[in-house]
A.B. asks: 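I'd like to ask you about the structure that follows.
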There are 4 protein chains.
Amino acid sequence: MADTSRRRRANGEASRAKILDAATEIASERGYEGTSINLVSKRCGLPASSIYWHFADKDDLIAAVIERSFGQWLSAWSMPDDGTPRDRVAEMTVQVAKALLESPDFLRLGLMLALERRPVEPRAREMYLQVRAQAQIQLREAAMDMSPDLDAAALDQLATYAMAGADGLFIAKEIGGDSVDLLALFDLHGRMVIDAALRLAESTRDEDS
Amino acid sequence: MADTSRRRRANGEASRAKILDAATEIASERGYEGTSINLVSKRCGLPASSIYWHFADKDDLIAAVIERSFGQWLSAWSMPDDGTPRDRVAEMTVQVAKALLESPDFLRLGLMLALERRPVEPRAREMYLQVRAQAQIQLREAAMDMSPDLDAAALDQLATYAMAGADGLFIAKEIGGDSVDLLALFDLHGRMVIDAALRLAESTRDEDS
Amino acid sequence: MADTSRRRRANGEASRAKILDAATEIASERGYEGTSINLVSKRCGLPASSIYWHFADKDDLIAAVIERSFGQWLSAWSMPDDGTPRDRVAEMTVQVAKALLESPDFLRLGLMLALERRPVEPRAREMYLQVRAQAQIQLREAAMDMSPDLDAAALDQLATYAMAGADGLFIAKEIGGDSVDLLALFDLHGRMVIDAALRLAESTRDEDS
Amino acid sequence: MADTSRRRRANGEASRAKILDAATEIASERGYEGTSINLVSKRCGLPASSIYWHFADKDDLIAAVIERSFGQWLSAWSMPDDGTPRDRVAEMTVQVAKALLESPDFLRLGLMLALERRPVEPRAREMYLQVRAQAQIQLREAAMDMSPDLDAAALDQLATYAMAGADGLFIAKEIGGDSVDLLALFDLHGRMVIDAALRLAESTRDEDS
DNA sequence: AATGAATGAGGATTCATTCAT
DNA sequence: AATGAATGAATCCTCATTCAT
């Protein structure tokens, strides 16, 4: 009896989660426009009108998808803080690669949203871009940690290049499927980024002298 | 009178072009689902039914968009065939970067299509993936040209990495806008790919010995 | 504790009043169909389900609005019982005009309900029409008081004309806003009604002779 | 064959008219909110989506209802231009009364729209109010024609009073049905308005002396 | 006395597509 | 070569109402 009442009370949250699960699946497969409320309703078992009890509108729903997925994604990797800078970059690279493999939904939907340029920008796109910007800052800090001599522009370039590689490899994996060895490619990318840091540091020194 | 009839004939192609222009704009802004025939009709000034005179259905229209955009994209760059391998890679890198800057519609739409995973896959997606696969083969050949010692797996990896960088940098430019110096990043990427080729060649030799 | 429980008890009435306030506002702005429970819920701050605790259904709610508004409206004026018949008519006219100015909600909603002709007639419409019918009887009695010689048909006509003027002037005020001097127009109307009574009395005598 | 093709070509207009007929009926019975596109669709036999070929949206549809009804209404009466002013007023009064009896839809819907006070005012309301304003101007001119001595304020008052009477009597007829002799009441109203003109002229003269 | 959650029916509107001309 | 008109299915979302707590 106590359980029943607890379950009843908790149903709100449970339903919300069921809706978000369904919406995440569908949105990461078909993008913003392709995610119809009806489809979500069928997938989660609740009537469409119930979705509107939990979310103001479709925009709100998909923004919530990004928000929740972001939390899960964040918890999947963390900046290591011991070892040489190189070791730490290598470790981080592996973590990011694994995170990409484990929860591709977030990135796939995010990239689709990011590529769109519709007149009224969905709130979800804005949220995803903010998340990306934060990640970029972390990458820049890691770059600074590794090559403290680099100037601001070089750090930006490095961080952008590092993230671009991650995005591109993710897409390669999405398209190529099992024929793509994401871990090996990320390993290569990690080493390339370290090389790039050295190269940029060199050219910085050259300019100074 | 003769002029009029000639113009009438010519209008067929002109209308087709107007429709494709509108559809390209919209599809590269909003993806496959977001491109409604009605919207295209409004943007190109022709009634929706006229679109169906020129194209069998929506799928056919968007496939035609990819087809035409691909032609334009192809004509924007060509594989150089003189100089050292390094020079040729560098030259090609610049050309690709410039082509991305000049006609981003093709890649933007292509990537959106590639990321989507809907049950009935649009013909346009299939077309884009084929184009991509061809490009990958060319990249592999360029890599073999540059480092003839590499084994098949290494060549694949290199071509995949080169293309991933291009995709990722394109996305960075799309999101970052003017704050991203695409040419400089592509230049960096070109050099990184050459380095990677050397590195992979080294490790191949190490394994052999 | 005693206070709390008392306040809890009192909240019942207070909530009911808050709901009725919101419903009155909305219904007099948008009519029967335009008054959605959700809108009322948002305006009064109570959840929709709470509205159903106080009222059986939407029909019941709007009927209650009419009922309460009618009470307020009634208390805003009373039939004077001294002076000459003319003075009493004049006094009543002013009172009605003032009541219209002070609480236009009742009449606005009432007239909207009266004009509608939907298959299932709302209870509120029925209530409003009854109130109107009673008012008409009172007007007829006032007319009889003033011109005792008039026959039944003339009395009906006079009462109808008097009320029609009031309705029409109310509408003029609603549409014209500040540019309409309702008191002056009601004053004119009052005098016209008295004239009409005399005129009808004359023609009655003419027919008799 | 010629007939068929003509009819086919004319179908657009015919469908538009069928839709407007149905919408007029429903809107004048149930007001703006009560007029659902689905109901109109059922009444006119065309699918709901066809209504959107002819009208941009519901607002546009109901505005078109007012526009068309207004044309029909206008053609139902015209200002007479011979006889004494009194005769002309009397004649006009009869015409207005008959027009009210013949096409009550326009006025009923118009009054419902006029009474509403919703945040975003329907275009149809705006149109009805413009029509009303024009009618008021005509009434004012008739008043000036009859009592040239009246000052501007008195003319406004007179025109407002005349129109208020018409509105009020229309409502009385709507509510009272057959028990209300609209022609007799309008006749009374016409005479009252003439009396009022004299009265106002008198008081104007008094003030002057 | 109140409310969070749910729900089926219906709201307006857009969809891709067809067809007669 | 083109288009006005039509159409059924689907879109997002709101409706009045219920019910367990």
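Each chain gets a letter, A, B and so on, in the order the sequences are listed, and its residues count up from 1. FYI, side chains are in, hydrogens and waters are out, and symmetry mates aren't considered; it's all heavy atoms of this structure.
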A.B. asks: About how many Å separate OG1 of A:Thr24 and CD1 of A:Ile19, when rounded to the nearest 0.5 Å?
C.D. replies: 11.5 Å
A.B. asks: From the options F:dA2, E:dT3, F:dA6, select the nucleotide whose nearest atom is closest to the side chain of B:Ser50.
C.D. replies: F:dA2
A.B. asks: Where do N or O atoms of nucleotides 14-18 of chain F meet protein N or O atoms at under 3.5 Å, pair by pair?
C.D. replies:
from   : atom 1 : to      : atom 2 : distance (Å)
F:dC15 : OP1    : C:Ser36 : OG     : 3.4
F:dA16 : OP1    : C:Thr35 : O      : 3.4
F:dA16 : OP1    : C:Lys58 : NZ     : 2.9
F:dA16 : OP2    : C:Ile37 : N      : 2.8
F:dT17 : OP2    : C:Tyr52 : OH     : 2.9
F:dT17 : OP2    : C:Lys58 : N      : 3.0

A.B. asks: By nearest atom, which of the nucleotides F:dG8, F:dT3, E:dT7 is closest to the B:Leu46 side chain?
C.D. replies: F:dT3
A.B. asks: So that I can tick it off, tell me whether B:Arg125 and B:Glu116 are bridged by a salt bridge, with the cut-off set at under 4.0 angstrom between side-chain N and carboxylate O.
C.D. replies: no
A.B. asks: Do D:Val65 and D:Thr35 touch side chain to side chain, with heavy atoms closer than 4.5 Å?
C.D. replies: no
A.B. asks: Under the side chain to side chain contact (heavy atoms under 4.5 Å, CB included) rule, what do C:Tyr128 and C:Leu109 come out as? Steps first, then yes or no, please.
C.D. replies: CA-CA 9 Å; C:Tyr128 172 73; C:Leu109 174 54; over 6 Å; no
A.B. asks: Can you list the stems that DNA chain F is part of, where a stem is at least 3 pairs in a row, each Watson-Crick or G-U, with both distances below 3.5 Å?
C.D. replies: E:2-21 with F:2-21
A.B. asks: Between F:dC12 atom C1' and A:Phe55 atom CZ, what is the distance in whole Å?
C.D. replies: 16 Å
A.B. asks: So B:His54 and B:Leu46, side chain to side chain contact (heavy atoms under 4.5 Å, CB included) or not? Walk me through it.
C.D. replies: CA-CA 11 Å; B:His54 290 280; B:Leu46 293 165; 5.6 Å; no
A.B. asks: Would you say F:dA2 has OP1 or OP2 under 4.0 Å from some side-chain N or O of B:Trp53?
C.D. replies: no
A.B. asks: Would you please confirm or rule out a distance under 4.0 Å between OP1 or OP2 of F:dA6 and any side-chain N or O of D:His54?
C.D. replies: yes
A.B. asks: Return the value, rounded to whole Å, for the distance between atom CD of B:Glu13 and atom P of F:dA1.
C.D. replies: 9 Å
A.B. asks: Give the minimum heavy-atom separation between D:Asp60 and D:Phe55, together with the two atoms involved.
C.D. replies: OD2-CA, 3.5 Å
A.B. asks: Would you call B:Asp21 and B:Arg68 a salt bridge, using N to O less than 4.0 angstrom?
C.D. replies: yes
A.B. asks: With nearest nucleotide decided by heavy atoms, which residue, B:Ile51 or D:Arg16, maps closer to the 5′ end of DNA chain F?
C.D. replies: B:Ile51
A.B. asks: Is any side-chain heavy atom of D:Arg117 closer than 4.5 Å to a side-chain heavy atom of C:Ser28?
C.D. replies: no
